[in-house]
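I have placed the structure first, in the form of structure tokens, so that the comments after it can refer back to it.
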Amino acid sequence: MTIPATTATDFRSESVRSLYDQLILHLKGLSHLKGINGILRWDQEVMMPKKAAAARAAQLSTLAGLTHEKKTSPILGALLDELEYRITTEDLSPALNPYELANIRLARKDYQEETLLPTELVKNIAALNSKAVVAWVEARKESEFSKFAPFLEDQVKILRQKVAYKMKGGVCEDARLINQKARASLGLSDEDACYKGYYQVLLDSFEPGFKDDHLQALFSDLKEHLVPLIAKIREKNFQHDNSYIEGDFDIKRQTEFTHSISKLIGFDTDAGRLDISTHPFTGGAHPTDVRMTTRYIINKLKEGITATVHETGHSLYEQGRNREYVDTPVSRALSLGVHESQSLLWERMVMLNKPFWTYTLPLLKEQFAEHESLQSITVDQFYNAFNRVQSGFIRFESDELTYPMHIILRYEIEKALIEGDIEVADVPAHWSAKVKEYLGLEVTEDRLGCLQDIHWSSSAIGYFPTYTLGSIYAVQIYTHAKEKIPDLEEHLARGEFHVLKEWLNKNVHEQGSLRESGDDLVFDLTGKHLDSSLYVKYLTDKYTAIYGL
């Protein structure tokens with residue numbers, strides 16, 4: 001009988017290549033379980049019969065248990081311990097290439113994070129999320145923050161517990177140093193409560209390796225320049241006509257048009273599906289099985305086009321992932337911000353720009369020939385209509401220019417909550433003050449303010465910044481693409497979208513998680529760290545011209 005290895009010393013006699021191959025076998029099994037979960041969840045949103053909900057919940061629960069067992073397997077831990085020992089005692093570069101070494105680094109981090117948290121805490125987080133989401137739905141319906149506040153207080157407390165375990169386990173050294181420095185400056189001992197640096201850990205969960213102080217600098221620059229620009233547009237009290245993209249646009253024909261655009265951009269329908277769901281998303285199981293959804297509104301043509309192109313950007317990233325290392329950590333998307341950069345690059349840099357409509361506006365006119373007002377519109381008029389700026393209360397309905405302010409105010413509030421600078425009861429007042437300062441609006445009810453997003457009810461604190469980081473990444477990557485492909489916008493105006501897609505495949509998608517952060521990826525690609533000045537210039541130049549400022 002063969003006794004399986006369970007400690008690092010059991011593997012001591014094996015070669016590095018043998019250890020690595022065993023690790024990859026384990027990691028691929030995990031990836032397959034994740035893929036099954038992805039398909040089940042996609043089906044739940046798109047095709048599952050209503051009466052199957054209880055059965056699906058049981059299936060997902062069982063699958064989660066199996067996945068957790070495999071993620072925390074003693075054999076996986078022993079393999080990683082031995083590989084870590086080899087890394088510290090010898091040069092592994094002759095045996096393993098950079099992608100393989102990255103797989104070890106990523107697997108080690110995943111294992112640490114999975115095993116650091118007590119099972120009881122994990123169960124408590126899941127239970128709280130379930131109760132908090134229900135409470136949020138009810139509070140939002142009644143527009144009464146006080147009904148959600150106790151659950152948000154519990155979320156803050158339990159996330160602090162989660163962070164403390166991670167910091168003690170050495171998962172985020174940056175956060176530990178921030179906390180240590182704060183304690184020293186305040187004269188606190190290790191036993192005293194101090195939550196400075198805790199937000200860094202939460203940010204790292206969604207944007208690995210990205211520094212909170214860098215994020216603060218980027219957002220400060222955006223506030224300094226975008227708040228006055230938004231105010232100038234508001235004060236001008238002028239709007240471009242968009243009547244030709246409103247009215248009744250048949251959903252079936254909208255679907256035909258947007259599907260054709262998605263395929264033109266490069267979505268491979270032999271390696272994915274495009275369906276409809278209440279909330280557009282991209283999921284699936286594998287680069288050869290990407291599931292994209294979108295949505296349509298009969299009297300808002302822009303909604304369906306924007307959502308479809310946005311999700312196509314996400315899907316191109318998924319379909320473009322490195323096939324040589326598929327089903328291993330290095331093949332996965334680097335971060336939520338980088339993933340968002342790919343959807344926003346296609347939505348904003350491409351679809352909200354004139355070259356795109358130079359090619360596609362004639363196709364749209366042909367698709368909706370009965371809309372007479374649409375037939376006479378020029379590319380410039382269409383461009384102005386699609387890029388209207390109008391401050392609003394709701395984040396996901398906001399335009400390209402005002403959207404970052406919605407993200408910044410959420411970041412400032414959730415960071416202050418986690419780090420103890422404000423109390424949960426203070427949230428509505430802080431929210432209203434920031435909306436007034438950044439967007440010039442008066443919040444009249446909680447439903448339009450601090451109750452509009454589901455994120456905090458599901459413990460997704462640290463997530464919001466990735467939306468605007470994605471915009472900053474997108475501008476810097478697209479600017480570099482134009483330098484490397486001097487006639488890029490001429491290609492786009494001719495509908496030759498494959499030129500940009502193939503460049504992104506090589507320089508972003510196939511790179512996966514080889515680097516430790518999105519900032520590292522951008523620096524290696526463009527020679528500069530992530531820089532908000534390019535984003536500010538892009539928005540300032542674009543909207544100054546559109547509104548004649």
Side-chain angles (χ1 to χ4, degrees), residues 33-34 36-72 110 113-166 198-199 201-203 205-206 277-281 283 293 336 395-396 410 413-414 417-418 423-425 427-428 446-447 449-464 466:
L33 289 174
K34 182 181 177 183
I36 295 167
N37 181 75
I39 295 301
L40 288 175
R41 290 192 179 278
W42 167 85
D43 177 73
Q44 184 174 267
E45 293 288 332
V46 178
M47 300 182 72
M48 186 185 78
K50 290 182 180 178
K51 291 182 178 180
R56 180 56 45 85
Q59 293 159 2
L60 289 169
S61 177
T62 299
L63 185 60
L66 291 170
T67 303
H68 180 70
E69 286 178 15
K70 197 166 183 66
K71 282 182 173 180
T72 58
D110 290 346
E113 296 206 1
E114 197 70 28
T115 55
L116 275 174
L117 303 180
T119 302
E120 194 62 29
L121 179 62
V122 174
K123 288 181 179 178
N124 290 343
I125 290 172
L128 176 58
N129 287 349
S130 179
K131 290 185 289 185
V133 167
V134 173
W136 170 78
V137 170
E138 290 302 311
R140 184 172 181 272
K141 189 185 301 180
E142 296 178 29
S143 196
E144 184 55 63
F145 179 75
S146 63
K147 293 183 180 298
F148 175 60
F151 296 90
L152 182 55
E153 287 175 352
D154 288 342
Q155 287 287 14
V156 170
K157 290 174 185 175
I158 208 165
L159 282 173
R160 285 173 179 168
Q161 293 176 43
K162 181 179 179 180
V163 167
Y165 277 109
K166 287 190 172 187
Y198 275 41
Y199 192 81
V201 179
L202 298 175
L203 176 65
S205 299
F206 303 104
S277 67
T278 304
H279 302 287
F281 69 92
T293 72
L336 286 181
R395 172 184 61 85
F396 61 81
R410 285 158 174 79
I413 290 172
E414 67 179 20
L417 272 177
I418 288 296
E423 300 296 328
V424 167
V427 167
D446 293 339
R447 182 173 28 237
C450 56
L451 283 177
Q452 64 181 274
D453 297 300
I454 195 172
H455 300 60
W456 291 346
S457 66
S458 57
S459 73
I461 293 180
Y463 186 109
F464 278 120
T466 65

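The structure displayed is predicted, hence computed values, not measured ones.
Although no hydrogens or angles enter the test, the distance criterion places no donor-acceptor pair under 3.5 Å between the side chain of S61 and the main chain of A57. The backbone N or O of G462 sits less than 3.5 Å from a side-chain atom of E414, completing a donor-acceptor pair. Under a 3.5 Å cut-off, the side chain of D43 and the backbone N or O of I39 do not form any donor-acceptor pair. In this structure, the side chain of D446 engages the main chain of F145 through a donor-acceptor pair within 3.5 Å. Here the side chain of R447 pairs a donor or acceptor atom with the backbone of R140 at under 3.5 angstrom. In this structure, the side chain of S130 does not engage the main chain of A127 through any donor-acceptor pair within 3.5 Å.
When all heavy atoms of F148 and A132 are compared, the closest pair comes out as CE1-O, 3.8 Å. Contact detail for S457 and V133: the closest heavy-atom pair is OG-CG2, 3.5 Å. Of all heavy-atom pairs between K70 and L33, the closest is CD-CD1, 4.0 Å. When all heavy atoms are compared, the tightest approach of I461 to L202 is O-CB, 3.4 Å. Closest approach of I418 and R160 over heavy atoms only: O-NE, 3.0 Å. Here the closest non-hydrogen pair linking W136 and D453 is NE1-O, 3.0 Å.
To the nearest 0.5 Å, atom CG of residue L128 and atom CD1 of residue I125 are 8.5 Å apart. Between T115 atom OG1 and H68 atom NE2 the span is 9.0 Å, to the nearest 0.5 Å. The line from NZ of K166 to CG of L116 is 8.5 Å long, rounded to the nearest 0.5 Å. Atom CD of residue E113 and atom OH of residue Y165 lie 15.5 Å apart, to the nearest 0.5 angstrom. With values rounded to the nearest 0.5 angstrom, M47 atom CE is found 14.0 Å from Q44 atom CD. The distance from the NZ atom of K157 to the CG atom of L152 is 11.0 Å, given to the nearest 0.5 Å.
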Trace of the side chain to side chain contact (heavy atoms under 4.5 Å, CB included) decision for I413 with W456:
CA-CA 11 Å; I413 290 172; W456 291 346; 3.8 Å; yes
Can you list the steps and then say if N37 with T67 is a side chain to side chain contact (heavy atoms under 4.5 Å, CB included)?
CA-CA 10 Å; N37 181 75; T67 303; over 6 Å; no
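Within 6.0 Å of NE2 on H455 lie more than 12 heavy atoms contributed by other residues, nucleotides or ligands. Within 6.0 Å of the CZ atom in F281, the count of heavy atoms belonging to other residues, nucleotides or ligands exceeds 12. Counting non-hydrogen atoms of neighbouring residues, nucleotides and ligands closer than 6.0 angstrom, the CD atom of E423 reaches no more than 12 such neighbours.
Using a 4.5 Å heavy-atom cutoff, the side chains of L159 and S459 are in contact. At least one side-chain heavy atom of L60 sits less than 4.5 Å from a side-chain heavy atom of R41. Here the side chains of F464 and F206 are not in contact, with every heavy-atom distance at 4.5 Å or above. Looking only at side-chain heavy atoms (C-beta outward), T293 and W42 come within less than 4.5 Å of each other. The shortest side-chain heavy-atom distance between R410 and Q452 falls under the 4.5 Å cut-off.
Between E138 and K147 no salt bridge is recorded (no basic side-chain N to carboxylate O distance below 4.0 Å).
Residues satisfying the side-chain hydrogen bond (donor to acceptor under 3.5 Å, both in side chains) criterion with Q59, sequence neighbours excluded, are R56. Looking at residues two or more places apart in sequence or on another chain, you find a side-chain hydrogen bond (donor to acceptor under 3.5 Å, both in side chains) between Q155 and N129.
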